[in-house]
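One structure is given below, encoded as structure tokens.
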Amino acid sequence: MDPSKVPNAIFNNGNSIPMIGLGTWGSPPGQVAQAVKDAIDIGYRHIDCAHVYQNEHEVGEGINAKIQEGVVKREEIFVTSKLWNTFHRPELVEGALRTTLKNLKLDYLDLYLIHWPQGYKEGGDLFPMEPSGEKFIFSDADYVDTWPAMEKLVDAGLVKNIGLSNFNSKQVQRVLDVARIKPVTNQIENHAYLHQAKLSAFCSDKGIIVTAYSPLGSPARPWVKEDDIVLLNDLKLKTIADKHGKEPAQILIRYQIQQGHVVIPKSVTKARIASNFDVFGFELDAEDIKQLAALERNERICPESFSYGHPHHPFEKE
């Protein structure tokens, strides 16, 4: 598909982002670079990654291979990454970004997000764990102090846009209260079993675009159990897919786009990456939307339960 046919969402600063991107969370080492190359060949111009996924060097390989081949120019690709929880102290922010840029072999990012509101102990493991193995070791860094350091990255030309991920509405408001540069997006778990309708409406009201991660229900998440309900197998979803002659995954992706959300489905399989991108030749009707909305279970795939007890945990007191 012609990349220029992909609609853009417009940020509150006038910049734009392609409404569909390739997610890379959980993409196995040795497969990510090829997935990125395949995605760019298929027409994707938006790649979502993060330091904590520990595969950014491979994402960088994929992007740079396609730039070297002349398939794309750097300015035609929208690249997102995220500041991990062990780098929330203001003095650590720029160094964390520079590590990401080095791994990605890029001079700047199009979007940089605070990955989670809760900070973890700095200076060691990405997942510093208490001896009990039941909880992360927390940092007392406050994300409202992190935000001005994110703004400085924009001032320095190292990133074009900054935003949030996994923040609840009160936390988004706390950032807005101190922001010189407003967050452009809040990247949150969003799918037909978890709509987060109130948070989406709040963000929309504040001029903040929602980016939906795990839009397919993340069936390959590392902690999935055999008896967990699989969104892609939902019979009501399959009925809607059959009606349109589409795959259930395509319905779920289209559903996010029609809500005005940017969506970042993840796959490393070329056929699936292509299928996930083929969502612009049809429309869900009002009845489809109603049925998908009725699938709400208010169940999180990413509860971040090892952070329970952290004063900035976004979901614990919802």
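A donor atom on one side chain and an acceptor atom on the other are not found under 3.5 Å apart for Asn190 and Gln259. A donor atom on one side chain and an acceptor atom on the other are found under 3.5 Å apart for Tyr193 and Asp234. In this model, a donor atom of one side chain and an acceptor atom of the other lie less than 3.5 Å apart for Arg254 and Gln258. Looking at Asp125 and Tyr120, their side chains never bring a donor and an acceptor atom within 3.5 Å of each other.
Taking all atoms of both residues into account, the shortest heavy-atom contact from Ile42 to Lys270 is CD1-O, 3.8 Å. When all heavy atoms of Pro183 and Gly163 are compared, the closest pair comes out as CB-CA, 4.0 Å. For the residue pair Gly217 and Leu231, the shortest heavy atom distance occurs at N-CD2, 3.9 Å. Between Ser132 and Lys135, the shortest heavy-atom contact is OG-N, 4.3 Å. Of all heavy-atom pairs spanning Pro3 and Gly43, the tightest one is CB-O, 3.5 Å. The shortest heavy-atom contact between Pro128 and Thr86 is CD-CG2, 4.1 Å.
Considering only heavy atoms from C-beta on, Glu58 stays 4.5 Å or farther from Thr24 through its side chain. In this structure, the side chains of Ile240 and Pro248 stay at 4.5 Å or more apart for every pair of heavy atoms. Under the 4.5 Å side-chain criterion, counting only non-hydrogen atoms from C-beta, Pro148 is not in contact with Arg180. Looking at Gln291 and Thr239, their side chains never come closer than 4.5 Å, going by heavy atoms from C-beta outward. Looking at heavy atoms from C-beta onward, Arg272 lies in side-chain contact with Glu247 at the 4.5 angstrom threshold. Using a 4.5 Å cut-off on side-chain heavy atoms (C-beta onward), Lys182 and Leu176 make contact. No side-chain heavy atom of Met150 sits less than 4.5 Å from a side-chain heavy atom of Val159. Inter-residue side-chain proximity for His115 and Leu164 is flagged as unmet; no heavy-atom pair is nearer than 4.5 Å.
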Step by step, would you call Thr146 with Leu92 a side chain to side chain contact (heavy atoms under 4.5 Å, CB included)?
CA-CA 9 Å; Thr146 312; Leu92 301 178; over 6 Å; no
What verdict does the side chain to side chain contact (heavy atoms under 4.5 Å, CB included) test give for Thr80 and Phe78, after you've listed the backbone C-alpha separation in whole Å, the side-chain angles of each residue and the deciding distance to 0.1 Å?
CA-CA 7 Å; Thr80 301; Phe78 191 103; 3.4 Å; yes
Before giving the answer on side chain to side chain contact (heavy atoms under 4.5 Å, CB included), spell out for Val210 and Gln256 the whole-Å C-alpha distance, their side-chain angles and the decisive distance to 0.1 Å.
CA-CA 10 Å; Val210 165; Gln256 293 295 337; 5.7 Å; no
Audit row: Asp48, Lys266, salt bridge (Lys or Arg N to Asp or Glu O under 4.0 Å) steps and yes/no
CA-CA 9 Å; Asp48 182 273; Lys266 167 251 161 182; over 6 Å; no
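Listed by chain and residue number, nothing satisfies the side-chain hydrogen bond (donor to acceptor under 3.5 Å, both in side chains) test with Gln68 (two or more places apart in sequence, or in another chain). Every residue meeting the side chain to side chain contact (heavy atoms under 4.5 Å, CB included) condition with Ala141, not counting sequence neighbours, appears here in chain and number order: His88, Arg89, Glu122, Ser139. With sequence neighbours left out, the side chain to side chain contact (heavy atoms under 4.5 Å, CB included) criterion links Ala9 to Ile17, Met19, Ile209, Val262.
Formation of a donor-acceptor pair under 3.5 Å by the Glu151 side chain with backbone atoms of Ala179 is not found in this model. Side chain of Ser267 to backbone of Thr269: a donor-acceptor contact under 3.5 angstrom is found. A donor-acceptor pair is defined here as one N or O able to donate and one able to accept, closer than 3.5 Å; no such pair exists between the side chain of Asn8 and the backbone of Ser16. The backbone N or O of Ala293 lies less than 3.5 Å from no partner atom in the side chain of Glu296, so there is not a single donor-acceptor pair. Side-chain atoms of Glu316 come within 3.5 Å of backbone atoms of Gly309 as a donor-acceptor pair (strictly under, hydrogens ignored). For Asn12 (side chain) and Ile208 (main-chain N/O), no donor-acceptor pair under 3.5 Å exists by modelled atom type.
Other residues sharing the hydrophobic cluster of Leu235, ordered by chain and number and joined by side-chain separations under 4.5 Å: none, the residue standing alone. The hydrophobic side chain of Val268 is isolated, with no ILVMFWY side chain under 4.5 Å apart from it. In the hydrophobic clustering, where aliphatic and aromatic side chains (Ile, Leu, Val, Met, Phe, Trp, Tyr) are joined below 4.5 Å either directly or transitively, Leu194 stands alone. In this structure, Ile137 shares a hydrophobic cluster with no other residue, the cluster being traced through Ile, Leu, Val, Met, Phe, Trp and Tyr side chains under 4.5 angstrom apart.
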Report all side-chain donor-acceptor pairs from residues 104-114 shorter than 3.5 Å, counting only partners two or more places apart or in another chain.
residue : atom : partner : partner atom : Å
Asp110  : OD2  : Arg74   : NH1          : 3.1
Asp110  : OD2  : Arg74   : NH2          : 2.9
Asp110  : OD2  : Val79   : N            : 2.8

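Screening Trp25, Phe87, Trp84 for a ring-ring contact (aromatic ring centres under 6.0 Å, His included) with His51, the sole residue that qualifies is Phe87. In summary, of the residues considered (Leu199, Asn166, Thr211, Val175), a side-chain contact (heavy atoms from CB on, under 4.5 Å) with Asn186 occurs for Leu199 alone. When each of Ile251, Leu252, Val6, Ile20 is checked for a side-chain contact (heavy atoms from CB on, under 4.5 Å) with Val279, only Ile20 meets the rule.
Listed by first and then second residue, the salt bridge (charged side-chain N to carboxylate O under 4.0 Å, His left out) pairs that reach into residues 156-178 are Asp142-Arg174, sequence neighbours excluded. Sorted by first and then second residue, the pairs that involve residues 142-175 and meet ring-ring contact (aromatic ring centres under 6.0 Å, His included), not counting sequence neighbours, are Tyr143-Phe167, Tyr143-His312. Applying the ring-ring contact (aromatic ring centres under 6.0 Å, His included) test to pairs two or more places apart or on separate chains, those with a residue in residues 248-300 are Tyr44-Phe277, His195-Tyr255, His244-Phe282. A salt bridge (charged side-chain N to carboxylate O under 4.0 Å, His left out) check over residues 31-42, counting only residues at least two apart or in different chains, returns the pairs Asp41-Lys66.
Once rounded to the nearest 0.5 Å, the distance linking CG of Asn161 with CG of Asn15 reads 4.5 Å. Atom CD of Glu189 sits about 10.0 Å away from atom CD of Glu299, to the nearest 0.5 Å. Remark: Ser81 OG to Leu101 CG distance equals 8.5 Å, nearest 0.5 Å. In this structure, CD1 on Ile188 lies 8.5 Å from OH on Tyr213, to the nearest 0.5 angstrom. In this structure, CD1 in Ile181 is found 5.0 Å from CG in Asp155, a value given to the nearest 0.5 Å. Rounding to the nearest 0.5 Å places CG of Asp278 at 14.0 Å from CD1 of Ile273.
Using cut-offs of 30° and 60° for the angle between ring planes, the Phe136 and Phe127 rings count as tilted.
Enclosure of atom CZ in Arg98 is not indicated, since only 12 or fewer non-hydrogen atoms of other residues, nucleotides or ligands lie within 6.0 angstrom. At most 12 non-hydrogen atoms from other residues, nucleotides or ligands lie less than 6.0 angstrom from NZ of Lys152.
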